[in-house]
Amino acid sequence: MQEQILILDFGSQYTQLIARRVRELNVYCEIHPFNDPPPLTEDIKGVILSGSPCSVSEADAPDVDLSAYRGKVPVLGVCYGAQLMVHKNGGYVQPSTIREYGRARLHEVNDKLDLMKEITVNSQVWMSHGDTISQLPENFDIIASTPSVRVAAYKIQDEQTYGIQFHPEVTHSTEGKIVLRNFVVHICDCSQDWTPKTFIEETVDGLKAQLGEDKVVLGLSGGVDSSVAAMLIHQAIGKNLYCIFVDNGLLRKGEFQQVLDSYKHMGLNVKGVDARAAFYAALEGLTDPEDKRKAIGRTFIEVFDAEAHSIQDVKWLGQGTIYPDVIESVSVKGPSATIKSHHNVGGLPERMKMKVVEPLNTLFKDEVRLVGKTLGIDEAIIGRHPFPGPGLAIRILGDVTAAKVALIQEVDHIFIDGLKKAGLYNEIWQAGAILLPIQSVGVMGDERTYESVVALRAVSSVDGMTADWYHLPYEFMGDISNEIINRVKGVNRVVYDISSKPPATIEWE
Ligand code: XMP
């Protein structure tokens with residue numbers, strides 16, 4: 001039995017962060033929407049209620065019936081979750097009269113044995129709420145206060161039910177991790193045995209039971225997710241896993257062969273498919289970025305489908321889907337703010353008429369990396385920068401030709417290789433080169449040139465949703481620019497992109 005903490009999501013931007021903090025304690029947890037709470041099962045050791053952009057006093061404020069959990073397992077309400085329990089039990093929650101966003105300090109901590117164990121007086125906590133708890137129900141006791149928020153934390157008498165007004169999951173709450181540890185480990189009594197190693201063992205056992213002697217086909221991309229998914233399935237069913245790695249002609253220089261070699265070295269049963277011509281033909285004359293994406297997605301499905309059907313009796317399609325792609329986002333204030341745009345091969349499972357197996361669909365990206373490391377996957381694959389499915393096609397502005405691909409591959413290679421040599425590659429979240437659809441005048445020797453401009457882009461980011469341009473050292477930029485112009489025929493100007501996301505995006509198309 002896999003012990004877990006259940007997190008009920010009321011739409012806070014921080015819900016996933018709560019999950020990550022719990023998992024950092026080596027305790028498995030799952031996020032479920034507040035309006036679809038799962039029944040209490042033996043594996044659920046405790047429940048955390050998230051924050052929310054809503055106010056409990058709104059007419060249609062998100063609500064949940066906690067009777068299935070309260071008094072049976074420990075419950076911790078965070079911010080909105082804490083206010084909701086007060087509101088539902090006869091207390092009062094009112095709009096705050098003073099701003100309660102940002103840093104605050106706990107000046108009283110009254111419960112040294114339980115949730116607030118080891119929390120120091122003056123500990124910095126992070127507040128983010130428009131409402132405040134003005135009066136607690138009778139059987140609720142205050143266990144921490146700040147100078148402006150009397151009820152910063154409470155406990156319900158004779159029950160292991162707690163509420164905290166601050167956000168323990170954000171790093172600005174300097175002892176937030178201790179509060180979560182107290183709850184998860186000491187109060188819920190979780191055994192902290194969820195590690196990459198146990199994840200691998202349990203997942204491989206589960207895959208063996210699920211797949212038996214069935215065959216699985218999986219498309220590798222060279223990225224972390226599909227590689228780790230493949231290795232897990234491979235450990236479960238060995239040669240019955242058929243991997244397909246498609247060369248779409250839009251990969252980085254030399255990447256197809258290198259990655260194919262790594263996969264073979266890892267023992268995977270992998271077939272490399274040279275489909276460059278099909279992709280270039282599908283892209284011919286297309287200039288609109290979305291048209292290019294669609295053409296690439298369609299061609300990939302056709303190529304993959306044909307390859308997969310050349311294998312006899314395949315029942316399953318393996319995919320490297322990760323947790324953030326499957327968490328049902330709670331939309332309590334109109335349509336969800338998260339716009340999922342990059343589903344390149346979304347139609348694949350329907351078209352292939354296969355069952356889908358997704359061994360990573362409970363993991364966050366950094367957990368996938370840890371599992372990959374534990375599985376012994378090459379660092380070159382684990383530490384790889386993200387690379388978009390449509391590849392260089394969306395870094396060549398306008399129409400795509402084989403010649404343009406060859407040119408930008410050279411530029412990209414010099415840039416990425418330079419970052420690696422300078423020890424900057426691992427500092428950067430993602431980097432690449434973009435071929436602009438313009439030419440500019442230059443002078444080389446005694447001759448006037450009229451050639452292409454390339455842009456370099458390097459960003460720091462945590463999840464790709466927001467990003468900042470990376471402050472590359474001037475010396476480095478100067479050297480790389482020289483090298484590109486001297487070595488890549490057809491380029492006479494290099495520029496560096498200093499836009500953040502938002503308002504720009506990481507890719508130019
Ligand atoms: P943007 O450009 O939207 O990119 O800031 C965010 C992240 O997504 C990647 N990206 C894509 N990945 N198919 C993909 O698989 C796509 O069509 C696509 N477009 C952007 C981008 O490289 C960055 O990591």
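Keep in mind that this is a model prediction, so the values were computed, not measured. In listed order, ligands and their atoms are each counted from 1.
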- Query: Would a 4.5 Å heavy-atom cut-off, applied to side chains only, mark Pro324 and Gln16 as touching?
  - Reply: yes
- Note on the structure: Closest to atom 19 (N) of ligand 1 (heavy atoms only, candidates Arg457, Lys292, Glu507, Arg293) is Arg293
- Task: Could you tell me whether the side chains of Asp305 and His309 share a donor-acceptor contact shorter than 3.5 Å?
- Result: yes
- Item | Per-atom contacts of ligand 1 with Ile394, taking only distances under 4.0 Å to non-hydrogen atoms | 19 (N)
- Task: Would you please determine whether Trp429 falls within less than 4.0 Å of ligand 1 on a heavy-atom basis?
- Result: yes
- Query: Would you say ligand 1 has an N or O under 3.5 Å from any N or O of Lys501?
  - Reply: yes
- Message: Are any of the N/O atoms on Pro386, whether in the backbone or the side chain, positioned under 3.5 angstrom from an N/O atom of ligand 1?
- Response: no
- Message: Under 6.0 Å from the ring centre and within 45 degrees of the ring axis: does the NZ or CZ of Arg20 meet both conditions for the six-membered ring of Phe364?
- Response: yes
- Could you go step by step and tell me if His234 and Asn269 meet the side-chain contact (heavy atoms from CB on, under 4.5 Å) rule? CA-CA 8 Å; His234 172 77; Asn269 174 13; 5.8 Å; no
- Gly389: numbered ligand 1 atoms lying under 4.0 Å from its heavy atoms: 12 (N), 13 (N), 14 (C), 15 (O)
- Message: Under 6.0 Å from the ring centre and within 45 degrees of the ring axis: does the NZ or CZ of Arg23 meet both conditions for the six-membered ring of Tyr323?
- Response: yes
